[in-house]
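Input: a single structure, listed below in structure tokens.
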Amino acid sequence: MNATISRRGLSALALAATAAAFALPGRAQDAWPAKSVKLVVPFPPGGGTDLVARAMGQKLAERLRQPVVIDNKPGASTIIGTDAVAKAAPDGYTLLLSGSTSYSVNAALRAKLPYDPVHDLAPIAIVARTPLVLVVNANAPWRSVAELVGAAKARPRGIRYATFGSGSGPHLAGELLALAAGVQLQDVPYKGSSQSAIALIGGEIEMGIDTVASVAPHVRSGKLRALGIVGATRSSLLPEVPTLAELKLPEATFDAWYGFAAPARTPQPVIDRLVRDVGATMADPALQAQLRAQGMEPVMIGAAAFRSQMESEISRYRALAHRAGIAPE
């Protein structure tokens with residue numbers, strides 16, 4: 001009788017051990033996060049991406065009940081920071097918050113990257129858009145995009161516009177506009193928004209394409225005139241300005257946006273938890289107001305739609321770069 005009990009007891013112990021072994025991965029994932037989460041931002045502190053990261057990070061930490069530590073890794077047009085995340089351990093403790101440069105623009109314009117955004121990153125969510133706006137000097141004769149396009153058709157490459165270098169957002173947006181409108185524009189590189197605004201106000205160039213946040217003060221002061229929003233939706237800072245799509249130029253739409261991602265092969269339960277918590281964070285009215293005050297439009301675009309947008313933009317910008325001869329500097 002004792003031997004029988006012993007054999008039964010051993011069998012029960014073996015079954016329990018086997019069940020426990022199978023349960024461990026699930027328990028480990030359920031316990032995530034068990035420590036602080038690092039959020040890599042491939043830009044210096046103080047810029048738009050950094051502002052989104054710090055606003056989001058604080059709110060997300062409250063839901064995760066763990067600190068979210070911002071790690072700025074600027075350089076090489078976001079490549080340094082993005083590559084660090086792509087090569088990080090896929091355990092959910094290293095995440096990326098970056099703009100579309102990391103996810104689509106670099107892959108479209110550069111023949112070689114140390115990472116492949118489609119295969120080496122796991123999208124979580126797009127959380128904000130930062131619309132660009134087409135502006136001209138307030139004394140310019142054009143009061144609409146149609147009038148500006150008419151002038152550009154009459155003077156091929158006679159309309160100069162500011163960019164931040166070859167392959168920058170304003171450069172791509174300008175080339176998309178030229179292609180959609182059937183005109184030729186002349187890009188002129190500047191080091192940033194301040195320089196390009198001074199050049200436009202001073203008459204060095206005829207047109208600018210920059211973030212709404214950068215140019216809205218000049219529009220309100222009467223120094224610049226806004227003709228069209230380049231992004232997919234109107235801006236809450238300049239709600240009266242129509243989009244280029246509304247002005248019958250939908251092919252000219254260029255979206256600048258910010259998205260969360262993790263290293264590929266991060267466990268799906270961790271990704272699912274992040275999608276839920278990021279979504280709940282983005283529903284916070286105070287956070288939405290904070291982002292809008294910075295000229296950004298809060299959104300919540302989940303992982304599948306994020307991946308689809310990334311792949312679509314890579315194809316679109318790659319074709320544009322080939323057609324227009326765009327090469328990053």
Side-chain angles (χ1 to χ4, degrees), residues 42-43 48-49 75-87 96-126 128-132 134 157 161-189 209-211 229-233 243-245 249-261 263-264 299 301-329:
F43 290 94
T49 311
S77 187
T78 78
I79 292 173
I80 291 174
T82 307
D83 186 50
V85 176
K87 291 180 169 56
L96 174 70
L97 178 65
S98 188
S100 46
T101 299
S102 290
Y103 300 111
S104 58
V105 174
N106 279 339
L109 270 56
R110 297 176 184 270
K112 292 184 179 180
L113 278 178
Y115 69 94
D116 180 340
V118 174
H119 296 103
D120 296 336
L121 294 174
I124 296 168
I126 295 174
R129 292 191 177 103
T130 178
L132 303 182
L134 190 160
R157 296 201 179 276
Y161 74 99
T163 75
F164 304 148
S166 183
S168 63
H171 189 202
L172 293 176
E175 290 292 347
L176 286 170
L177 173 62
L179 184 63
V183 298
Q184 291 180 305
L185 303 172
Q186 181 59 55
D187 59 291
V188 181
I209 300 175
D210 206 340
T211 63
I229 299 295
V230 182
T233 59
T243 67
L244 295 186
L249 290 169
E251 297 86 359
T253 298
F254 176 86
D255 251 335
W257 44 268
Y258 303 102
F260 273 92
V299 297
I301 299 173
F306 182 170
R307 180 174 293 281
S308 177
Q309 180 163 334
M310 179 168 61
E311 293 175 348
S312 174
E313 287 188 1
I314 290 172
S315 297
R316 185 185 185 212
Y317 299 155
R318 186 171 288 157
L320 176 68
H322 179 74
R323 189 180 299 113
I326 299 173
E329 294 176 341

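Excluded from the calculations below are hydrogen atoms, water molecules and symmetry mates; all remaining heavy atoms, backbone and side chain alike, are included.
Counting all heavy atoms, side chain and backbone alike, Ser100 lies closest to Ala256 at OG-CA, 4.0 Å. Taking every heavy atom of both residues into account, Tyr317 and Ser104 meet most closely at CE1-OG, 4.0 Å. Residues Ile209 and Ala173 approach most closely at CG2-CB, 3.9 Å, considering heavy atoms. Nearest heavy-atom pair across Thr78 and Ser102 is OG1-OG, 3.0 Å. For the pair Phe260 and Tyr103, the tightest heavy-atom approach, listed with the atom from each and the gap, is C-OH, 3.8 Å. Heavy-atom minimum distance, Ala122 versus Pro263: CB-O, 3.8 Å.
Two residues are said to be in side-chain contact when any heavy atoms from C-beta on lie closer than 4.5 Å; Pro123 and Gln309 fail this criterion. Residues Phe254 and Pro170 are not in side-chain contact: their nearest non-hydrogen atoms beyond the backbone lie 4.5 Å or more apart. At a threshold of 4.5 Å between non-hydrogen side-chain atoms, the residues Pro117 and Ile314 count as touching. Side-chain contact check for Val118 versus Arg307: some heavy-atom pair is nearer than 4.5 Å.
With sequence neighbours left out, the side-chain hydrogen bond (donor to acceptor under 3.5 Å, both in side chains) criterion links Thr49 to no other residue. Partners of Tyr161 according to the ring-ring contact (aromatic ring centres under 6.0 Å, His included) rule, which considers only residues two or more places apart in sequence or in another chain, do not exist here.
Rounding to the nearest 0.5 Å gives a distance of 6.0 Å between CG of Leu249 and CG of Leu244. Within the model, atoms CG of Leu320 and CD of Glu313 stand 12.0 Å from one another, a figure rounded to the nearest 0.5 Å. Separation of atoms CZ (Phe306) and CD1 (Ile301) is listed at 9.0 Å; rounding is to 0.5 Å. One distance of note links CG of Asn106 with OG1 of Thr101; it measures 6.0 Å at 0.5 Å rounding.
Listed for the Arg316 side chain is no donor-acceptor partner under 3.5 Å among the backbone atoms of Ala108. Remark: side-chain polar atoms of His322 are not paired, donor with acceptor, to backbone N or O of Arg318 under 3.5 angstrom. Judged by distance alone, with hydrogens and angles left aside, the side-chain atoms of Thr253 form a donor-acceptor pair with the main-chain N or O of Pro250 at under 3.5 Å.
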Open item on the list: Quick one, Met310 with Leu121, criterion side-chain contact (heavy atoms from CB on, under 4.5 Å). Give me CA distance, side-chain angles, the key distance, then yes/no.
Closed with: CA-CA 11 Å; Met310 179 168 61; Leu121 294 174; 5.7 Å; no
Donor-acceptor pairs under 3.5 Å, side chain of residues 175-187 to any protein atom, not counting sequence neighbours: which ones?
none

